[in-house]
Novice: 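Got a structure for you, written out below as structure tokens; questions coming shortly.
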Amino acid sequence: MNIEEKFQKAYDSLEKHIESRNKKEQLTAMGYTSNLDLLCDFQVDKLNELLAEYMSGEDLTKMKPAKMIRTMQELLETVVYYCINGIGGEADVEDPELVKSSFSFKNGMGGTAVQAAMALAQIGGKTLVHLTDDSKEVCELLHSSYIHVVLGNGELGFTDQVISHNPQETHFIVQFKKGDQVRLGEQVIAIPCSNRLILTKNTVNEYLPLWEPYFKWIEQNAKQVTSNVLSSFNSILEKEVLKDRLQYVKNHVEIYRRNNPDGIVYFEDAHYHNEEVRRLCVETLYPCVDILSMNEEELQYTLKEMYGYDVDIDDIYSCIDGVEFLLDKFHIKKGVIVHTKDYAMFVGDSENIDIENGLMYGMIMATAKASHGNYGTKEQIRQVLELGVSEKGLSNLKKVEERGYGSRVILVPTKYIDKPKYTIGLGDSFTGGVQMCF
């Protein structure tokens with residue numbers, strides 16, 4: 001069966017899997033943060049106007065990102081740095097009004113877990129979400145008969161029944177497009193790759209309040225929860241707060257696994273604001289999970305910067321060897337997923353898991369989001385099948401097949417879009433799709 005036939009088969013099975021799960025009243029648990037995203041209507045001409053006004057005479061190539069943005073100059077330097085390097089990233093902003101005065105925005109949903117839930121809701125997949133920002137705006141965006149919450153009385157409900165307990169948190173999403181030109185004086189630099197910058201004003205997610213009824217419901221109804229997704233510890237800055245949250249989740253995972261031995265504990269990694277936070281998360285959670293999922297930049301940082309393992313993320317064999325290093329070092333129970341714009345790959349033990357279809361579910365949902373800017377409908381996801389596959393991904397697939405890894409390594413090339421309409425939430429849509437194979 002060739003790759004196109006596999007994609008068609010995966011698409012055909014996705015709806016059947018969801019229908020079967022719904023009949024059995026099965027849910028995916030999605031934790032842990034939520035926030036209000038302010039989606040920037042980013043126009044490179046507006047950036048260039050601001051550069052001319054505030055940064056005259058400066059060198060674009062020497063601009064560096066600020067860890068904390070306090071001035072217009074720091075804001076512009078940070079945006080320019082990510083644009084001209086074509087890379088994604090995050091930075092903190094002290095005063096949100098500085099950003100609001102520079103670009104126009106509209107409301108959107110933020111947080112890995114809740115975005116994954118919204119992507120699944122579009123195609124009828126049922127989830128249970130954990131909220132941190134439970135503001136009126138967030139609950140309105142999340143309202144769906146497919147997205148459940150646990151109410152204060154311990155019963156399942158929907159977000160229109162939530163009584164807000166926590167302050168609102170806003171993240172500014174600046175998306176830039178491949179080919180747009182950043183200009184300052186005589187300098188012109190084309191953006192090499194579409195990507196996004198997240199500017200964060202932390203409030204509630206800095207201390208990640210855990211909603212106990214959510215965890216108790218999962219533990220008491222574990223057989224209904226096919227996978228338990230952990231994410232979003234990366235905004236916590238205080239070590240003692242993080243230790244407390246990690247220990248709570250670690251204990252919860254043990255109870256969940258005891259009550260549902262077939263359930264999957266799935267950790268979606270992230271960009272971290274603090275090196276110490278990252279290390280504590282890695283060394284506490286990696287040994288507890290069945291499946292670790294990350295993008296290639298996160299793989300490189302974890303291996304190279306944290307553990308001195310020299311990985312070349314452009315070399316698929318090097319990536320596989322690096323993943324095996326993580327599996328061996330942390331005793332991750334089943335395997336690691338690496339997802340990129342060109343391929344998604346699972347390395348590990350896939351026994352009793354239809355992980356190849358899971359990778360395909362995730363990719364076609366992410367590509368639909370990239371194509372249309374919204375969480376893909378069934379028809380929009382079907383249209384993804386008409387796209388060609390990534391040549392780089394196809395080349396990596398051939399290399400994997402030639403090396404003879406067997407079922408130990410499963411790689412699927414993406415359905416490729418050179419200039420995505422939308423780059424935020426793609427990894428989250430991917431995460432949601434993968435859960436449908438469990």
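For clarity, every value in this text was computed on a predicted model and none was experimentally measured.
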Novice: Do the side chains of Arg382 and Asp12 get close enough for a salt bridge, i.e. N-O under 4.0 angstrom?
Specialist: no
Novice: Taking the side chain as everything from C-beta on, heavy atoms only, tell me whether Cys281 gets closer than 4.5 Å to Asn234.
Specialist: no
Novice: Just say parallel, tilted or perpendicular for the rings of His130 and Tyr214, cut-offs at 30° and 60°.
Specialist: perpendicular
Novice: Should the ring pair Tyr309 and Phe325 be called parallel, tilted or perpendicular, given that the plane angle runs from 0 to 90° and is split at 30 and 60?
Specialist: tilted
Novice: Between the side chains of Lys304 and Asp310, is the shortest nitrogen-to-carboxylate-oxygen separation below 4.0 Å, so that they form an ion pair?
Specialist: yes
Novice: His171 vs Leu199, test: side-chain contact (heavy atoms from CB on, under 4.5 Å). Steps then yes/no.
Specialist: CA-CA 6 Å; His171 294 184; Leu199 304 175; over 6 Å; no
Novice: Any donor and acceptor pair, going by atom type alone, linking the side chain of Arg278 with main-chain N or O of Tyr301 inside 3.5 Å?
Specialist: no
Novice: Can you confirm if the NZ or CZ of Lys392 lies within 45° of the ring axis of Tyr343 and under 6.0 Å from the centre of its six-membered ring?
Specialist: no
Novice: Going by heavy atoms in the side chains, are Phe233 and Leu242 under 4.5 Å from each other?
Specialist: yes
Novice: What verdict does the side-chain contact (heavy atoms from CB on, under 4.5 Å) test give for Met365 and Ile123, after you've listed the backbone C-alpha separation in whole Å, the side-chain angles of each residue and the deciding distance to 0.1 Å?
Specialist: CA-CA 10 Å; Met365 289 179 64; Ile123 56 173; 3.9 Å; yes
Novice: Kindly say whether Asp315 contributes a backbone atom to a donor-acceptor pair with the side chain of Ser318 at under 3.5 angstrom?
Specialist: no
Novice: A side-chain contact here means heavy atoms from C-beta on lying under 4.5 Å apart; do Trp211 and Leu131 qualify?
Specialist: no
Novice: Just checking, any donor-acceptor pair under 3.5 angstrom between side chains of Ser232 and Thr33?
Specialist: yes
Novice: With distance as the sole test, does Tyr32 use its side chain to make a donor-acceptor pair with the main-chain N or O of Asn205 at under 3.5 Å?
Specialist: no
Novice: In the structure I gave you, are the side-chain heavy atoms of Tyr266 and Leu230 within less than 4.5 Å of one another anywhere?
Specialist: no
Novice: If we check side chain to side chain contact (heavy atoms under 4.5 Å, CB included) with Ile337, which of these qualifies: Leu292, Ile355, Thr431?
Specialist: Ile355
Novice: When you compare the side chain of Leu210 with that of Leu208, does any pair of heavy atoms fall below 4.5 Å?
Specialist: yes
Novice: Salt bridge check: are Glu58 and Lys62 linked by an N-O gap of less than 4.0 Å?
Specialist: no
Novice: Would the distance check show the side chain of Ser194 and the main-chain N or O of Lys178 forming a donor-acceptor pair, the cut-off being under 3.5 Å?
Specialist: yes
Novice: Does Arg183 reach the main-chain N or O of Leu51 with its side chain, forming a donor-acceptor pair under 3.5 Å?
Specialist: no
Novice: I'd like to know if the side chain of Asp290 reaches the main chain of Val265, judged simply by a donor and an acceptor atom lying under 3.5 Å from each other, with no hydrogens or angles considered.
Specialist: yes
Novice: Less than 3.5 Å apart, any donor N or O on the side chain of Ser231 or Glu268 sitting next to an acceptor on the other?
Specialist: no
Novice: Could you tell me how the ring of Phe103 sits relative to the ring of Phe105: parallel (under 30°), tilted (30 to 60°) or perpendicular (over 60°)?
Specialist: perpendicular
Novice: Under 3.5 Å, side chain of Asn48 to main-chain N/O of Gln181, donor-acceptor pair present?
Specialist: yes
Novice: Do Glu276 and Lys239 meet the salt-bridge criterion of a basic N to acidic O distance under 4.0 Å?
Specialist: yes
Novice: Under a 4.0 Å threshold between the charged nitrogen and the carboxylate oxygen, would Glu356 count as salt-bridged to Lys9?
Specialist: no
Novice: Check this for me, if you would: do Lys136 and Glu140 make a salt bridge, where the nitrogen-to-carboxylate-oxygen distance has to be below 4.0 angstrom?
Specialist: yes
Novice: Do the side chain of Lys369 and the main chain of Asn374 share a donor and acceptor less than 3.5 angstrom apart?
Specialist: no
Novice: So that I can tick it off, tell me whether Lys64 and Glu77 are bridged by a salt bridge, with the cut-off set at under 4.0 angstrom between side-chain N and carboxylate O.
Specialist: no
Novice: Going by an N to O cut-off under 4.0 Å, is there a salt bridge joining Lys334 and Glu351?
Specialist: no
Novice: What I'd like to find out is whether the side chain of Leu299 reaches to under 4.5 Å of the side chain of Asn295, using heavy atoms alone.
Specialist: no
Novice: Could you tell me which non-hydrogen atom of Val138 sits nearest to which non-hydrogen atom of Leu36, and how far apart they are?
Specialist: CG2-N, 3.9 Å
Novice: Taking Thr127 for its side chain and Val129 for its backbone only, find out whether a donor-acceptor pair lies under 3.5 Å.
Specialist: no
Novice: Spell out, as yes or no, whether a donor-acceptor pair under 3.5 Å connects the side chain of Thr71 to the backbone of Glu74.
Specialist: yes
